[in-house]
Amino acid sequence: MASASDDDRRFTAELIAAWDRGAATYDAMPRHGILHDDEWRAWRRLLAAILGDAAHSRIAPRRILDVGTGTGVVALLAAELGHDVTGVDLSREMLARARSKAAEAGLPVDWRVADAAALPPDLVGFDVVIARHVLWTLPRPDRALTSWRDAARAGGLIVVIDGTNRRPPGPLGDVQRAVGRLADRLAAGNGGEVSVDHSYPAWVRARLPLADQRDTRPIAELLATAGLERVVVRPTRELDRVEGSHQPLVVRIADPWRRYVATARTPILTASQP
């Protein structure tokens with residue numbers, strides 16, 4: 001029988017392999033890469049509202065840590081906004097894509113191979129720790145949030161951008177699932193928009209507690225349990241609208257996935273605290 005550590009190593013290796021496989025085509029996936037100018041503008045507005053726009057205002061650049069950076073979508077947007085950005089990921093193939101995009105755009109980002117779920121101790125003091133489409137991929141999201149909290153300065157901001165799968169109950173949900181199957185068949189018959197493979201085996205997905213989020217309550221609870229304060233969870237309606245406008249109608253009808261952004265602050269120590 002494999003030991004717990006052997007099982008953990010096998011699990012982590014499978015996750016890395018899945019993202020390495022998908023690196024070449026990740027940016028071509030709708031709602032993963034940024035495929036259209038209006039999507040870029042919507043993402044930039046969202047991140048400027050969260051991080052501030054140091055490139056076009058008098059605010060000082062902030063130290064940003066993008067955990068599970070992947071191909072660097074968020075890290076590069078943050079760098080465009082004038083911030084000092086570090087992006088970490090365990091997938092070397094994803095990071096290679098991120099480095100190439102940064103070099104092409106002339107944007108300075110510090111890329112590092114590191115585990116987003118257990119950050120190295122030298123990554124500390126960040127003004128913002130941000131994670132896009134990451135928390136659902138982790139078997140222990142509570143531990144990851146603790147690591148992100150510890151990487152932020154006192155009063156720093158934690159940002160989680162992810163999504164829920166909320167199908168309506170009863171007959172309407174059955175109709176949505178049937179339309180989804182039709183959309184998949186149509187895409188397969190047309191060759192699909194892009195060939196992508198970063199799917200997980202069933203045994204891996206079964207270990208991910210947030211793999212099928214129905215609502216945002218678990219996220220809010222995890223942030224609070226991690227000792228974070230001022231927890232706020234909001235839908236990203238503009239992004240949903242803009243990204244949906246580029247999807248076929250049958251896909252929009254079938255798709256239950258809705259993105260959200262959750263923010264929280266690390267506690268600020270008082271003079272009486274050690």
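All heavy atoms count here, side chains included; hydrogens, waters and symmetry mates do not.
The closest side-chain heavy-atom distance from E39 to H36 is below 4.5 Å. Counting only heavy atoms from C-beta outward, the side chains of D38 and H246 approach each other to under 4.5 Å. Residues D162 and I219 have side chains not in contact (no heavy-atom distance under 4.5 Å, counting atoms from C-beta outward). Annotation: side chain of V67 is not in contact with side chain of I130 (no heavy-atom distance under 4.5 Å). Side-chain contact between V160 and W148 is present, with heavy atoms from C-beta onward closer than 4.5 Å. Residues L65 and V85 form no side-chain contact, since every pair of their non-hydrogen atoms from C-beta on lies 4.5 Å or further apart.
Applying the salt bridge (Lys or Arg N to Asp or Glu O under 4.0 Å) test to R31 and every residue at least two apart in sequence or in another chain returns D255.
From D84, atom CG reaches atom CD1 of I64 across 8.5 Å, with rounding to the nearest 0.5 Å. The distance from the CD1 atom of I50 to the CZ atom of R62 is 10.0 Å, given to the nearest 0.5 Å. Summarising the geometry, atom CG belonging to N165 is positioned 11.5 Å from atom CG belonging to D215; distances are rounded to the nearest 0.5 Å.
At a cut-off of 3.5 Å, with distance as the only test, a side-chain donor of D27 or T71 sits close to an acceptor on the other residue. A donor and an acceptor atom, one from each side chain of S91 and D20, are located under 3.5 Å apart.
In plain terms, the two heavy atoms of V109 and A79 that are nearest each other are CG2-CB, 3.9 Å. Shortest non-hydrogen contact noted between P139 and F11 is CG-CE2, 3.4 Å. Closest heavy-atom contact between L228 and V231: O-CG2, 4.2 Å. V88 and A114 make their closest contact through CB-CB, 4.0 Å (heavy atoms, listed as atom of the first residue, atom of the second, distance).
A salt bridge is defined here as a Lys NZ or Arg NE, NH1 or NH2 lying under 4.0 Å from an Asp or Glu carboxylate O, and R207 with D8 meets this definition. Under 4.0 Å is where a charged nitrogen must lie from a carboxylate oxygen, and between D212 and R205 no such pair does.
Applying the ring pair (Phe, Tyr, Trp, His ring centres under 6.0 Å) test to every pair with at least one member in residues 76-132, sequence neighbours left out, gives no pairs at all. Each salt bridge (charged side-chain N to carboxylate O under 4.0 Å, His left out) pair with one or both residues in residues 118-134, not counting sequence neighbours, appears once here: R112-D122, D127-R153.
Of the residues V128, V159, L81, V261, the one that meets the side chain to side chain contact (heavy atoms under 4.5 Å, CB included) test with L47 is L81.
Side chain of D66 to main chain of G87: no donor-acceptor pair is present (N/O by atom type, distance under 3.5 Å, no hydrogens or angles). A donor-acceptor pair is defined here as one N or O able to donate and one able to accept, closer than 3.5 Å; such a pair exists between the side chain of S245 and the backbone of V242. Side-chain atoms of H32 come within 3.5 Å of backbone N or O of P30 as a donor-acceptor pair.
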**Message:** Using salt bridge (charged side-chain N to carboxylate O under 4.0 Å, His left out), reason through R21 and E93 one step at a time and then give a plain yes or no.
**Reply:** CA-CA 8 Å; R21 286 195 304 271; E93 294 298 324; over 6 Å; no
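Judged by a 6.0 Å distance limit and a 45° cone about the ring axis, R92 is not positioned over the six-membered ring of W19.
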